[in-house]
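I have placed the structure first, in the form of structure tokens, so that the comments after it can refer back to it.
Just so we're on the same page: letters track the sequence lines, and every chain starts at 1.
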Amino acid sequence: MNNKEIAEIFWAIADILEIKDENFFRIRAYRRAAQNIENIADDINVLAREQRLNIPGVGADLARKIKELVETGRLAYFETLSQSLPAGLLQIMTIPGVGPKTTKLLYEQLKIDSVDALEKAAKNHEIAGLFGLKEKTEENILKGIALIRQSHEKILLPEAMRIAGLIIAEIKKVKEAKQISIAGSLRRQKETVRDIDILVGSNQPQKVTDAFMRSEVAAEVLARGATKSAIRTHEGIQVDMRVVAPDSFGAALVYFTGSKEHNIRIRELAKKKKLKINEYGVFEEEGGRCLAGRTEEDVYRILGLVYIEPELREDTREVEAAAAGKLPKLIKLKDVRGDLHVHSHWSDGTASIAAMAAAAQAKGYEYMVISDHSQWLGVAKGLTPGRLAQQKKEIEALNKKLKNFTILRGTEVDIKSDGTLDFADDVLSGLDIVLAAIHSGFKQSREQITERLVKAMQNPYVNIIVHPSGRLINERAAYDFDFEAVLNTAKKTNTALEVNCYPKRLDLDDRHVRKAKEAGVLIALGTDSHAPEQFNSMCLGVSVARRGWLEKKDVLNCLSCKELRKRIKKWI
DNA sequence: GCCGTTTTCGGCCCGACTGTTTTCAGTCG
């Protein structure tokens, strides 16, 4: 049973307890634990086995429940609890606008125990007339059901940024909008987001809201209050906007950026200092004097914290680090000096090496690695050693012509299902840099896949393992492998691990990146570009790196070309 | 159910909008 599965059970327990109207704080405790279990990259099985379950929000009781789950695959408490309510009630609770109280009411009064039954009842107008419910609620329930039946995938970062950009452009036309910022999980640069949040500083909320509603992306108005409103776009994505006075913009930005857990943490901290923090500012508990609010920096400073970058605001020890002045100085896009993973039309890319080099140079890079696929990957026109030798001539000729730019000769060599590499050592030894990757056998056992990765890293010529977990967001889960074992070998063999910047990959993910840093393993950023415009996705990899607490020194391609060549040498 | 620079007991973040109400509960973020 993995972290995700155990977290799911805790989320479900919280929902059931909520329907049963149990103690709110007990419910919150389950949710907090679930969130934290999802936030760590450590394998919870290993932690449980080695008595290392010191996860925030997990006390003696939940640790015992985790152990039970890990050891038996079941949890007696959860099974008893689930049997006390129909499973369909949890589904009903996922309908927007329908919470635990309504779910309970519907079940007790009308025996509604599934989304289908609820839909039928709403259509037959059986709901209006129940205590506190009328026709409008029936309408909203039907709308909500339609919504959850659409495919409910979270959207990828670039798509969310595109939509946010269109709305911001519209709001910018309003001269009374003094400050505009994205907020929420999008500002924290999570790899996928469920909705888009926008914050505006203005003394004329009415005018700003009008512009928001007018935006061409708006398909439907979900809520419209004096300062807070929401729309749904044609793509079905919810966009929330909040307008506050410019003097409150910083406090509101902190509040609206979240995460929820981060907000709770700093509000608790404020309380200890006899302060109250809300979206309008930081106030003295007694007297209510406002001490900060205009900028985020002010808000954090009053709390005794240095500024915390949005990407770190996940309540994963960043508040403690900020209090101790030990936050990392996060890597920035402009620190990146080259791209370590680029394809050309020699394999499955669309452009020539020269065209790719020109695009990389336009990005201000000093170098790029041409890493076309190896022969085994037939679908990608993988190169034979013969064609690799021909490619060498082309690259050497280009390098002679190029000024202040170097094309490094590499390969993305396939790690075959038996763990051997697709090129012999004498082929690999002739290259500047070697990337290795798994492209097949995703369903092999944890031991087999771990062994393949470890074996590849032990090869004296392999410098980087690319897209190490093999996941495709919303499409394919990562294959199962022992990440700690991979880190240990990476450290021992001076092998870097990639953050692949392709929007659907972002692999490693932020949690694993942070573990890699803690283990002293270098990270390589590679766009995996197959066309010139794909160099743009470097910013996504940088976001993952930032969310993983990386600094410039943790990233291989923040080095100059010369330093890079030195740094990747293997000593085994 | 968790947790401790007041505490091992008694706290636990804060406010807006909707739909239903005549002052609020439920839901959401």
Side-chain angles (χ1 to χ4, degrees), chain A residues 10 13-14 17-19 21-36 53-66 77 92-106 127-141 143-144 183-186 188 193-199 205 209 221-230 238-244 248 251-252 254-283 285 303-304 315 319-320 323:
Chain A
F10 284 1
I13 290 175
L17 293 176
E18 203 166 30
I19 295 173
D21 204 18
E22 287 268 352
N23 181 300
F24 169 77
F25 296 105
R26 201 166 150 229
I27 295 163
R28 208 179 82 178
Y30 274 99
R31 296 209 168 115
R32 175 151 187 260
Q35 183 73 61
N36 287 334
L53 282 170
N54 52 346
I55 302 165
V58 174
D61 183 77
L62 291 186
R64 192 183 53 70
K65 289 192 167 83
I66 292 170
Y77 172 69
I92 290 176
M93 273 233 292
T94 65
I95 301 168
V98 181
K101 297 289 190 291
T102 311
T103 303
K104 189 181 182 199
L105 182 72
L106 291 167
I127 290 170
L130 286 186
F131 181 76
L133 303 180
K134 285 190 156 178
E135 286 79 5
K136 188 74 187 170
T137 310
E138 284 181 339
E139 258 175 56
N140 285 343
I141 285 173
K143 265 194 201 168
S185 53
L186 187 53
R188 303 200 308 280
V193 300
R194 207 177 284 287
D195 59 13
I196 295 170
D197 299 302
I198 294 178
L199 179 71
T209 307
V221 175
L222 298 176
R224 174 170 188 156
T227 66
K228 192 176 161 183
S229 46
Q238 183 171 336
V239 185
D240 297 331
M241 188 190 68
R242 184 78 189 264
V243 188
V244 297
S248 294
V254 171
Y255 151 75
F256 215 27
T257 298
S259 63
K260 193 171 155 192
E261 292 76 19
H262 175 85
N263 287 348
I264 290 176
R265 178 55 54 107
I266 61 172
R267 285 172 181 191
E268 282 169 355
L269 186 66
K271 219 167 168 175
K272 280 184 195 146
K273 294 177 185 288
K274 303 254 183 256
L275 300 170
K276 185 180 80 163
I277 171 166
N278 58 26
E279 58 261 57
Y280 304 112
V282 184
F283 301 88
E285 219 169 59
L303 298 175
D315 190 25
V319 176
E320 293 85 339

Kindly write out the residues that satisfy side chain to side chain donor-acceptor pair (under 3.5 Å) with A/Lys65, not counting sequence neighbours, or none if the list is empty.
-> A/Tyr30, A/Asp61
Write down the distance separating the P atoms in B/dG1 and B/dT5, rounded off to the nearest Å.
-> 23 Å
Sequence neighbours excluded, the answer for salt bridge (Lys or Arg N to Asp or Glu O under 4.0 Å) partners of A/Glu285 is none
What interatomic distance, in whole Å, is found between P of B/dT6 and the corresponding atom of B/dC12?
-> 15 Å
Describe the nucleic acid contact of A/Ala33 in one word from base, sugar-phosphate, nothing, applying a heavy-atom distance below 4.0 Å.
-> nothing
Indicate, with a heavy-atom threshold strictly under 4.0 Å, whether A/Lys271 touches base, sugar-phosphate, or nothing.
-> sugar-phosphate
Span that lies between the P atom of B/dT22 and that of B/dG26, in whole angstrom = 14 Å
Is A/Phe24 touching bases, backbone alone, or none of the nucleic acid, heavy atoms closer than 4.0 Å?
-> nothing
Closest to the 5' end of DNA chain B, once A/Lys274 and A/Asp240 are matched to their nearest nucleotides, is A/Lys274
What integer number of Å spans the C1' atoms of B/dC13 and B/dT21?
-> 27 Å
For A/Asp195, which residues count as a side chain to side chain contact (heavy atoms under 4.5 Å, CB included) partner, sequence neighbours excluded?
-> A/Asp197, A/Gln238, A/Asp240
Residues forming a ring pair (Phe, Tyr, Trp, His ring centres under 6.0 Å) with A/Tyr255, sequence neighbours excluded | none
When all nucleic acid strands are considered with a 4.0 Å heavy-atom cut-off, which category describes A/Arg224: base, sugar-phosphate, or nothing?
-> sugar-phosphate
To the nearest 0.5 Å, how far apart are CD in A/Glu22 and CD1 in A/Ile13?
-> 11.5 Å
Contact class for A/Asn278 vs. all strands (heavy atom < 4.0 Å): base, sugar-phosphate, or nothing?
-> sugar-phosphate
Contact class for A/Lys65 vs. all strands (heavy atom < 4.0 Å): base, sugar-phosphate, or nothing?
-> sugar-phosphate
Please find the earliest and latest nucleotides of DNA chain B, in the 5' to 3' direction, that have an atom within less than 4.0 Å of any heavy atom of chain A.
-> B/dG1 to B/dG29
On a whole-Å scale, what distance lies between the C1' atoms belonging to B/dA16 and B/dC9?
-> 34 Å
Any residue meeting salt bridge (Lys or Arg N to Asp or Glu O under 4.0 Å) with A/Lys271, in chain and number order, not counting sequence neighbours | none
Distance between the C1' atoms of B/dT23 and B/dG19, in whole angstroms?
-> 14 Å
Earlier contact from the 5' end, DNA chain B, for A/Leu62 and A/Thr102 = A/Leu62
Atom pair CG/CG of A/Asn36 and A/Asp315 - distance to nearest 0.5 Å | 6.0 Å
When all nucleic acid strands are considered with a 4.0 Å heavy-atom cut-off, which category describes A/Ile27: base, sugar-phosphate, or nothing?
-> nothing
With rounding to whole Å, what would you report as the distance between B/dG4 and B/dT8 at their P atoms?
-> 13 Å
Paired with B/dC14: which nucleotide, if any, by Watson-Crick or G-U wobble criteria at under 3.5 Å for both distances?
-> B/dG29
